[in-house]
Peer 1: 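After the structure tokens below, expect a handful of questions from me.
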Amino acid sequence: MSSKDRYLKVVELARRRGFFWPSYEIYGGVAGFYDMGPLGTALKRKLESFWREWFVRRHQDMVVEIETPIIGPARVYEASGHVESFTDPIVQCTRCGRLFRADHLVEEALGIKAEGMDPRELNTLIKEHNIRCPVCGGKLGDVRLFNLLFKTTIGPYTSNTGYLRPEAAQGMFLAFKRVHGVMRNKMPLGIAQVGRVARNEISPRQLLLRVREFTIMEMEFFFDPDEDYSSIVEPIASEKIRIRTGEDKRRGLEKPGEYSVGEAVQEKIIMHPWLAYWMYEASRFLEKLGVPLHKQFFDEKLPEERAHYASQTFDQVVWTERWGWVEVSGHAYRGSYDLSRHMKYSGQDLTVFKPYTTPLKRRRLRIRVNKASIGAEFREKTPKILAELASMQPEEAEAALKEKGYIEVAGVRLTDKHVSIVEEEVVETGKRYIPHVVEPSFGAERLLYILLEYAYSEKDGRTVLKIPAFLAPIQVVILPLVSNHEGIVRKALEIKEMLSNMGFTLYYDDSGSIGARYARADEIGVPYAVTIDHRSLEDNTVTIRYRDTWMQERVPVDMLPSRLRSLLAGKEHLS
RNA sequence: GCGGCCGUCGUCUAGCCUGGACUAGGACGCCGGCCUUCCAAGCCGGCGAUCCCGGGUUCAAAUCCCGGCGGCCGCACCA
């Protein structure tokens, strides 16, 4: 099967059977938007549920999920750095049409710092110095700003700018203080969210892989940067993980190296144990979706490739037949960047208090102030004197008093009549710190495509979509062996009713030959077919047929639901 | 955004170069019926495309020209 065929077959199948298709079709379509059809929606829901199971429920002692709005006030995205970092001045060559960063061109041509200049300044410089297209020498057009944030207005006043979120992360940072409180100050703390985000991509491409609106599955994991977390990777220390380090990348290496998780942490290939831990979880998550470990690795981003908030980033990439290695998740060490910025912009204290196991006792010097004598003597100067005293180091004051017999504050001299230096014991019960954050972030639509590509297979010229049973959008199909036998049909309908009432996702199919119906079900990845035949009428048994092997087993009808449940959960296989 | 290639029933496509006999053909699928004791069997009937959108040339446009939208690939961009 050629690579082109496989991709085209997946797309064709997706449209024909209703997984997904381009949005706004009847108006000619708009690039970068996709509709999810009935099967695509069901599959995506299951994928999201599985992500929750894997990253949230399995870690429920430290990870919780929230939901926050997709529209945010400008202030939030100014604080997060998105408004600044994603507004690039661009300029286009009028001859060859190439786009350039205007500030970069000016810097190169004139050897001056141009970053942060506004478009007008850049325009003037380009015109004055006759800077031309570095590729073809053509004349450059006007400098304009391009930002990947979708902009809107909140309410009727146009001055109240809002942005559609380009990531869910800010919702978690903004809610951190409250969630931390609600979770009774638990640390470390993961806050997860699954939701829509929008990025105004310049050129959406590659089907579902680069779209303008998509579902992100993201977790911000907060922890104390001073704590030694090396023990958290101990249980997985010998597990293997594939990484192409930044260093390897610079040397032009295409292939990743294989490391044990323990080794990657020890040798600082991954800068923090928590980052390593979630990367390991991500690799196994992908494996469960059907992507074997040798078809995925973590690709370290070089400093110049990283987002503005990250000090280390790995892209988790998966092999696709059409596009080669494709990014499905990002794993960033965001440090305290986001919380610090929101503290600065909002004026709120977003630090966490951490009690010491045993309170720390310390002796320290303090300036004791005799306010009565200062007030009596210096009158209206008193507030100023007191303010300056407050910011003075006790050690400094003590030295001055000893040497000179006075300290000079706000133009007056204070002696031991006004101040004295005392040594006192203080008890520190804990410390305050700004948590650091590691962030695993997944694109749901990309995973959906990957899932389909890896599930796609052909057998005897038929399509079989081997979606893992626990993710299959439809779990069971109910088939009467023949449709012109009243007894068989009646029994089949009864069984359909029974299974439907018990909560199975299913459909009933009596059209055409039994082979055609198996084929239809295989194509959309229904893992199990229940067939009712003549023998069913005699001994109340039916057959279960497995999609991947076409093998069958016969079970009594009473046993059918429990048998299906355990098969769907992947706990047992068809014998 | 630029360049190359491309856009016809649900899907895959024939026709386009060389304008008219196209009421746009086929295959698969879909719907109804018959038949059928386990892997897309067969038969009968049916539904389904103003040929991506808009404009132009022409007596006449799926076909030629222009613009737009969309797709793939390359370049650029990319949280």
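Throughout, protein chains are lettered first and strands after them, A, B, ... in sequence-line order, and every chain is numbered starting at 1.
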Peer 1: Quick one: does D533(A) reach the base of rC38(B) with a side-chain donor-acceptor pair under 3.5 Å?
Peer 2: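 Such a pair exists between side chain and base.
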Peer 1: Considering only the C1' atoms, how many Å lie between rC12(B) and rU50(B), rounded to the nearest integer?
Peer 2: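 One C1' to the other, the span is 22 Å.
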Peer 1: Rounding to the closest angstrom, what is the interatomic distance between rA62(B) and rU8(B) at atom P?
Peer 2: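 Between the two P atoms, the distance is 15 Å.
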Peer 1: Could you work out the separation of rA24(B) and rG4(B) based on their P atoms and round it to a whole Å?
Peer 2: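 Straight-line distance between the two P atoms is 34 Å.
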Peer 1: Return yes if the base of rC77(B) and the side-chain atoms of R210(A) contain a donor-acceptor N/O pair under 3.5 Å, otherwise no.
Peer 2: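 Pair found.
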Peer 1: Measure OH/Y24(A) against C1'/rC53(B) and give the value in whole Å, please.
Peer 2: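 Y24(A) atom OH is separated from rC53(B) atom C1' by 18 Å.
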Peer 1: Nearest whole Å is fine: how far is rC78(B) C1' from H82(A) NE2?
Peer 2: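 Checked: the NE2 to C1' distance equals 13 Å.
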Peer 1: Take the protein atom CZ of R196(A) and the nucleotide atom P of rA79(B), then report the distance between them rounded to whole Å.
Peer 2: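 Distance check: R196(A) CZ to rA79(B) P gives 21 Å.
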Peer 1: Distance between the C1' atoms of rC9(B) and rC51(B), in whole angstroms?
Peer 2: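 Result for the C1' pair: 10 Å, nearest Å.
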Peer 1: Once each nucleotide of nucleotides 39-52 of chain B is scored for protein heavy atoms under 4.0 Å, what B/S/- sequence comes out, 5' to 3'?
Peer 2: BBB-----------
Peer 1: Among rC12(B), rG70(B), rU37(B), which nucleotide sits nearest the side chain of L481(A)?
Peer 2: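 Given the options rC12(B), rG70(B), rU37(B), the side chain of L481(A) is closest to rU37(B).
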Peer 1: Please name the nucleotide paired to rG25(B) by Watson-Crick or G-U wobble geometry with both distances under 3.5 Å, or report none.
Peer 2: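 Base-paired to rU13(B).
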Peer 1: Name the nucleic acid region contacted by E167(A), choosing base, sugar-phosphate or nothing; use a 4.0 angstrom heavy-atom cut-off, strictly under.
Peer 2: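 The residue E167(A) makes no contact with any strand.
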Peer 1: Charged N to carboxylate O under 4.0 angstrom, D522(A) versus R545(A)?
Peer 2: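 Salt bridge flag = yes for R545(A) with D522(A).
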Peer 1: Could you please name the partner base of rC59(B), counting Watson-Crick and G-U wobble pairs only when both distances are under 3.5 Å?
Peer 2: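 The base-pairing partner of rC59(B), which may sit in any strand shown, is rG20(B).
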Peer 1: With the threshold set at 4.0 Å, does a side-chain nitrogen-carboxylate oxygen contact exist between R554(A) and E538(A)?
Peer 2: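 No, this pair does not count.
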Peer 1: Starting at CD of E321(A) and ending at P of rC72(B), how long is that distance when rounded to a whole Å?
Peer 2: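 Distance, rounded to whole Å: 18 Å.
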Peer 1: Determine the interatomic distance between C1' on rC64(B) and the same-named atom on rC17(B); round to the nearest Å.
Peer 2: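 Roughly 11 Å separates the two C1' atoms.
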Peer 1: Figure out the CZ/C1' separation between F150(A) and rC78(B), and round it to whole Å.
Peer 2: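 Distance, rounded to whole Å: 14 Å.
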Peer 1: Rounded off to whole Å, could you give me the CG-to-P distance for the L479(A) and rU36(B) pair?
Peer 2: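 Whole-Å distance recorded here is 19 Å.
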Peer 1: With a 4.0 Å cut-off on N to O distance, would you call K249(A) and E300(A) a salt bridge?
Peer 2: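 Salt bridge between K249(A) and E300(A), a charged N being under 4.0 Å from a carboxylate O: no.
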Peer 1: Which one is paired to rC31(B), where only Watson-Crick or G-U wobble pairs with both distances under 3.5 angstrom count?
Peer 2: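 Across all strands, the one nucleotide that pairs with rC31(B) is rG45(B).
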Peer 1: Heavy atoms only, 4.0 Å cut-off, all strands: where does S483(A) land among base, sugar-phosphate and nothing?
Peer 2: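 Base, at least one base atom sits under 4.0 Å.
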Peer 1: Tell me whether the OP1 or OP2 atom of rC73(B) has a side-chain N or O from R322(A) closer than 4.0 Å.
Peer 2: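 Yes, within the criterion.
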Peer 1: Going by ring-ring contact (aromatic ring centres under 6.0 Å, His included), name the residues that satisfy it together with W323(A), two or more places apart in sequence or in a different chain.
Peer 2: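 Expected list: Y7(A), Y449(A).
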Peer 1: Please tabulate, for the side chains in residues 486-497 of chain A, all donor-acceptor contacts under 3.5 angstrom to protein atoms that are two or more places apart in sequence or on a different chain.
Peer 2:
{"residue": "E486(A)", "atom": "OE2", "partner": "R490(A)", "partner atom": "NH2", "Å": "3.1"}
{"residue": "K491(A)", "atom": "NZ", "partner": "N540(A)", "partner atom": "OD1", "Å": "2.6"}

Peer 1: Below 4.0 angstrom, N of the basic side chain to O of the carboxylate: do D548(A) and K466(A) qualify?
Peer 2: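 No salt bridge links D548(A) with K466(A).
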Peer 1: If you pin E12(A) and G29(A) to their nearest nucleotides in RNA chain B, which one's is more 5'?
Peer 2: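 Taking each residue's closest nucleotide, the earlier one in sequence belongs to E12(A).
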Peer 1: Check whether any side-chain N or O of W323(A) sits under 4.0 Å from OP1 or OP2 of rC73(B), and answer yes or no.
Peer 2: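 Indeed, a polar side-chain atom of W323(A) lies that close.
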Peer 1: For rU36(B), which nucleotide in any strand shown is its Watson-Crick or wobble partner with both distances under 3.5 Å?
Peer 2: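 Across all strands, not a single nucleotide pairs with rU36(B).
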Peer 1: Which of these, R16(A), R517(A), R462(A), sits in a salt bridge (charged side-chain N to carboxylate O under 4.0 Å, His left out) with E523(A)?
Peer 2: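 Result: among R16(A), R517(A), R462(A), R16(A) is the only option passing the salt bridge (charged side-chain N to carboxylate O under 4.0 Å, His left out) with E523(A).
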Peer 1: Taking the same atom, C1', in rC72(B) and in rG32(B), what whole-Å distance lies between them?
Peer 2: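 rC72(B) and rG32(B) have their C1' atoms separated by 40 Å.
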Peer 1: Would you say Q312(A) and H272(A) are linked by a side-chain donor-acceptor pair, where the criterion is simply a distance under 3.5 Å?
Peer 2: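 The criterion, which ignores hydrogens and geometry beyond distance, is not satisfied for Q312(A) and H272(A).
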Peer 1: Are the aromatic ring centres of H436(A) and Y333(A) under 6.0 angstrom apart?
Peer 2: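 Yes, the ring centres sit under 6.0 Å apart.
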Peer 1: With both distances under 3.5 angstrom, what nucleotide forms a Watson-Crick or G-U wobble pair with rG70(B)?
Peer 2: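 Check on rG70(B): paired to rC6(B), both distances under 3.5 Å.
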Peer 1: How far does the P atom of rC30(B) sit from the matching atom of rA40(B), given to the nearest Å?
Peer 2: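 Comparing P positions in rC30(B) and rA40(B) gives a spacing of 14 Å.
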Peer 1: Please work out if S441(A) contacts a base, only the sugar-phosphate, or nothing of the nucleic acid, heavy-atom cut-off 4.0 Å.
Peer 2: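 Touches nothing.
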Peer 1: Pick the P atom in rG42(B) and in rU13(B), then give their distance to the nearest Å.
Peer 2: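 Those two atoms are separated by 23 Å.
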Peer 1: Which base sits across from rG1(B) as a Watson-Crick or G-U pair, both distances under 3.5 Å?
Peer 2: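 In the structure as shown, rG1(B) has rC75(B) as its Watson-Crick or wobble partner.
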Peer 1: Check E167(A) against Y77(A) and note the closest heavy-atom contact, atom names and distance.
Peer 2: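 For E167(A) versus Y77(A), the nearest heavy atoms are O-OH, 4.4 Å.
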Peer 1: Has the side chain of S511(A) got a donor or acceptor atom sitting under 3.5 Å from an opposite partner on the base of rC31(B)?
Peer 2: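 Such a pair does not exist between side chain and base.
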Peer 1: Quick check for you: among rG71(B), rC78(B), rA79(B), whose closest atom lies nearest to any side-chain atom of E327(A)?
Peer 2: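 Closest nucleotide to the E327(A) side chain: rA79(B).
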Peer 1: Nearest whole angstrom, please: distance from the P of rC38(B) to the CG of N484(A).
Peer 2: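 The distance from CG of N484(A) to P of rC38(B) comes to 13 Å, rounded to the nearest Å.
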Peer 1: Rounded to whole angstrom units, what separation is found between the CG atom of D510(A) and the C1' atom of rC31(B)?
Peer 2: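 The distance from CG of D510(A) to C1' of rC31(B) comes to 13 Å, rounded to the nearest Å.
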Peer 1: Taking the side chain of V30(A) as heavy atoms from C-beta outward, which of rG70(B), rC35(B), rA79(B) is closest to it?
Peer 2: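 Looking only at heavy atoms from C-beta outward on V30(A), the closest nucleotide is rG70(B).
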